[in-house]
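One structure is given here, and the rest of the page talks about it.
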Amino acid sequence: MNVNDSEVVASVLVNRGYTVCSEPQTADLILVNTCSIRENAEQRIWGRLAEFRSLKRKNPALMVGVIGCMAERLKEKLIEQEQVVDLVVGPDAYRELPNLVQMVKSGQKGVNVELSREETYAEIEPVRYDSNGVSAFVSIMRGCNNMCAYCVVPYTRGAERSRSSESILNEVRELIKAGYKEVTLLGQNVDSYSEPGCSFAQLLEKVALLSPDMRVRFSTSHPKDMSDKVLHVMAKYRNICKSIHLPAQSGSTRILELMNRTYTREEYLERIKAIRAVLPGCSISTDLIAGFCTETEEDHQQTLSLMREVGYDFAFMFIYSERPNTKAARRYKDDVSEEVKARRLNEIIVLQNELSLKGKQPYIGKTVEVLAEGYSKKSGEKLYGRTTQNQVVVFPKGDNHIGDYVMVAPARCTSATLIAES
Ligand code: SAH
Ligand code: SF4
């Protein structure tokens with residue numbers, strides 16, 4: 001989501017005559033787009049700002065801005081705490097950036113952290129300055145109306161609002177013209193996308209119909225809202241990728257209730273059953289939090305057993321990080337020790353590695369279709385891409401090019417990657 005926001009920011013500035021450069025040393029303006037979801041995300045930003053301080057010493061005209069969620073959360077405090085910061089701009093104020101930069105040029109600080117109920121940057125065509133030309137993100141909504149007790153997003157990104165389907169479809173049409181082969185529709189809770197006369201299932205279908213050669217992915221689905229309609233649309237169109245990211249967060253109903261996720265373990269598993277029934281072979285991934293407030297060993301075991309029961313193909317796994325002003329921070333005690341959190345996370349990771357490896361076995365020796373996205377990090381002779389199930393495959397380049405659909409027969413795998421030798 002932040003990658004796509006940065007592309008919107010680049011667009012706003014490029015339209016005013018700015019150009020994107022690749023080295024901070026050559027920049028007149030550095031904007032750092034930030035995440036507040038966990039404390040270590042913010043810690044990294046403080047580190048980056050210290051680096052920019054030394055750049056500014058060499059080039060006093062350099063302007064530095066903090067944008068995104070951390071700007072929204074800390075507001076003017078950022079400028080008070082870190083002198084190097086000239087600009088503080090929240091996620092809904094990017095259209096104001098050119099004016100704010102002008103203020104900085106005239107010797108003031110530029111701050112705008114107002115949240116909006118309407119802003120979706122609908123007609124702004126993102127400048128995909130760091131793109132592989134194959135795969136693009138398209139935001140379909142902003143903000144979030146859920147109040148998961150641990151989560152800072154509703155505070156930093158504001159209320160949920162949907163972007164007009166017409167502007168979404170126009171953007172995808174432009175991407176098709178530009179040769180892109182895959183779009184990922186983005187929202188904090190895509191299933192609650194709504195426009196009069198257009199639900200998420202309908203939007204997904206409209207996007208899929210634009211071109212059979214354009215793969216369509218989406219993220220994130222909320223277990224309480226993911227409908228069978230969406231599953232049936234997925235089943236109907238070959239170009240909608242058979243992969244669902246369905247964050248569980250915990251396998252314990254007691255913890256889920258404290259988290260305010262509004263589903264039980266059983267209801268979550270019922271959604272998994274629906275996916276398996278309508279979309280056999282669909283991959284399922286998740287997000288998990290280790291060590292949420294009051295989590296007992298028994299709760300943790302429930303998370304491990306949920307993982308085994310679902311057999312996730314992939315997971316993002318986190319240690320619970322208390323975020324100021326969230327319900328959990330105000331009402332519960334962050335009472336699981338760091339040591340126990342780390343141990344539980346480690347157990348979750350070890351199990352997921354096992355499950356990821358197991359999930360790849362059925363593909364060994366079979367032929368799978370891969371969309372080539374780039375060169376493998378290890379070898380210029382090899383390409384990598386993903387299957388419809390979002391499995392990463394590395395394969396010899398041969399006569400193939402980035403952006404091609406290639407039939408590949410993986411011969412072996414690690415827990416992260418399928419590997420084809422010829
Ligand atoms: N809207 C998406 C998630 C957005 S945040 C959803 O509801 O699924 C991405 C992930 O970060 C979350 O799924 C959660 O697992 C994790 N996360 C959010 N807040 C966190 C916190 N305070 N500590 C640790 N992990 C957190
Ligand atoms: Fe955060 Fe919950 Fe909204 Fe996801 S659904 S962004 S976890 S509040």
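Treat the numbers as computed from the prediction; the structure is a model and nothing was measured. Throughout, residue positions are numbered sequentially from 1 according to the sequence presented.
With hydrogens and angles disregarded, no donor-acceptor distance shorter than 3.5 Å links the side chain of N112 to the backbone of A93. Under the 3.5 Å distance criterion, the side-chain polar atoms of N4 are matched with a main-chain donor or acceptor of F137. The backbone N or O of M141 sits nowhere less than 3.5 Å from a side-chain atom of S139 that would complete a donor-acceptor pair. Within the 3.5 Å criterion, the main-chain N or O of L78 finds no donor-acceptor partner in the side chain of Q81. Although no hydrogens or angles enter the test, the distance criterion places a donor-acceptor pair under 3.5 Å between the side chain of R163 and the main chain of S167. In this structure, S11 contributes its side chain and E7 its backbone to no donor-acceptor pair below 3.5 Å. With T286 contributing its side chain and A248 its backbone, the two residues share a donor-acceptor pair below 3.5 Å. A side-chain donor-acceptor contact under 3.5 Å links N2 to the backbone of T34. In this structure, the side chain of T184 does not engage the main chain of F218 through any donor-acceptor pair within 3.5 Å. Although no hydrogens or angles enter the test, the distance criterion places a donor-acceptor pair under 3.5 Å between the side chain of N132 and the main chain of S135.
With sequence neighbours left out, N170 forms a side chain to side chain contact (heavy atoms under 4.5 Å, CB included) with E166, R173. Residues that satisfy the side chain to side chain contact (heavy atoms under 4.5 Å, CB included) test with R57, not counting sequence neighbours, are R53, S54. By the salt bridge (Lys or Arg N to Asp or Glu O under 4.0 Å) test, E322 is found to be paired with no residue, residues two or more places apart in sequence or in another chain being considered. Qualifying salt bridge (Lys or Arg N to Asp or Glu O under 4.0 Å) partners for E174, counting only residues two or more places apart in sequence or in other chains: K177. Take R44 and apply the salt bridge (Lys or Arg N to Asp or Glu O under 4.0 Å) test, not counting sequence neighbours, and it matches no residue. With sequence neighbours excluded, the residues forming a side chain to side chain contact (heavy atoms under 4.5 Å, CB included) with A159 are R117, N145, listed by chain and number. Scanning for salt bridge (Lys or Arg N to Asp or Glu O under 4.0 Å) contacts around D228 gives R271, with sequence neighbours left out.
Taking a cutoff of 4.0 Å between a charged side-chain nitrogen and a carboxylate oxygen, K181 and D404 do not qualify as a salt bridge. A salt bridge links R412 with E421; the closest basic N to acidic carboxylate O contact falls under 4.0 Å. Note on E338 versus K341: salt bridge recorded, some NZ/NE/NH1/NH2 to OD/OE distance being below 4.0 Å. A salt bridge links E51 with R48: at least one charged nitrogen is closer than 4.0 Å to a carboxylate oxygen. A salt bridge links R157 to D5: one of the charged nitrogens lies within less than 4.0 Å of a carboxylate oxygen. Salt bridge status for E354 with K358: absent, with no side-chain N to carboxylate O gap under 4.0 Å.
The two residues S194 and S162 have their closest heavy-atom pair at N-OG, 3.0 Å. Closest heavy-atom contact between S116 and D92: N-OD2, 2.8 Å. Listed here is the closest heavy atom pair of Y155 and L115: O-CD1, 3.6 Å. A pairwise comparison of heavy atoms in C35 and A41 identifies O-CB, 3.5 Å as the closest pair.
Side-chain contact annotation: D287 with H245, donor-acceptor N/O pair under 3.5 Å present. A donor-acceptor contact under 3.5 angstrom links the side chains of S356 and Q352, judged on distance only.
Applying the salt bridge (charged side-chain N to carboxylate O under 4.0 Å, His left out) test to residues at least two apart or on different chains, the pairs with a partner in residues 93-102 are R95-E119, R95-E123. Residue pairs meeting the side chain to side chain donor-acceptor pair (under 3.5 Å) criterion with at least one partner in residues 197-221, sequence neighbours excluded, are E182-R217, S199-Q202, E205-K236, E205-Y237. The side chain to side chain donor-acceptor pair (under 3.5 Å) contacts involving residues 14-27 comprise nothing, where partners must be two or more places apart or lie in separate chains.
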List the atom pairs, with distances to 0.1 Å, where a side-chain N or O of residues 306-319 and a protein N or O form a donor-acceptor pair under 3.5 Å, not counting sequence neighbours.
{"residue": "E309", "atom": "OE1", "partner": "R265", "partner atom": "NH2", "Å": "3.3"}
{"residue": "Y312", "atom": "OH", "partner": "Y268", "partner atom": "OH", "Å": "2.7"}
{"residue": "D313", "atom": "OD2", "partner": "I284", "partner atom": "N", "Å": "3.0"}

Please tabulate, one pair per line, all N/O donor-acceptor pairs under 3.5 Å involving side-chain atoms of residues 393-401, not counting sequence neighbours.
{"residue": "K397", "atom": "NZ", "partner": "N400", "partner atom": "O", "Å": "3.0"}
{"residue": "N400", "atom": "ND2", "partner": "K397", "partner atom": "O", "Å": "3.1"}

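Separation of atoms SG (C293) and OH (Y150) is listed at 12.0 Å; rounding is to 0.5 Å. Of the inter-residue distances, the one linking I244 atom CD1 with S285 atom OG reads 9.0 Å to the nearest 0.5 angstrom. We find the CD-OG1 distance between E257 and T262 to be 10.5 Å, quoted to the nearest 0.5 Å. Considering CG of N239 and CE of M214, their distance stands at 9.5 Å, rounded to 0.5 Å.
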Candidate pair K56 and D86, rule salt bridge (Lys or Arg N to Asp or Glu O under 4.0 Å), full reasoning: CA-CA 11 Å; K56 201 162 179 163; D86 304 299; 2.7 Å; yes
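Exactly one of K242, R386, R238 qualifies for a salt bridge (charged side-chain N to carboxylate O under 4.0 Å, His left out) with E369. That residue is R238.
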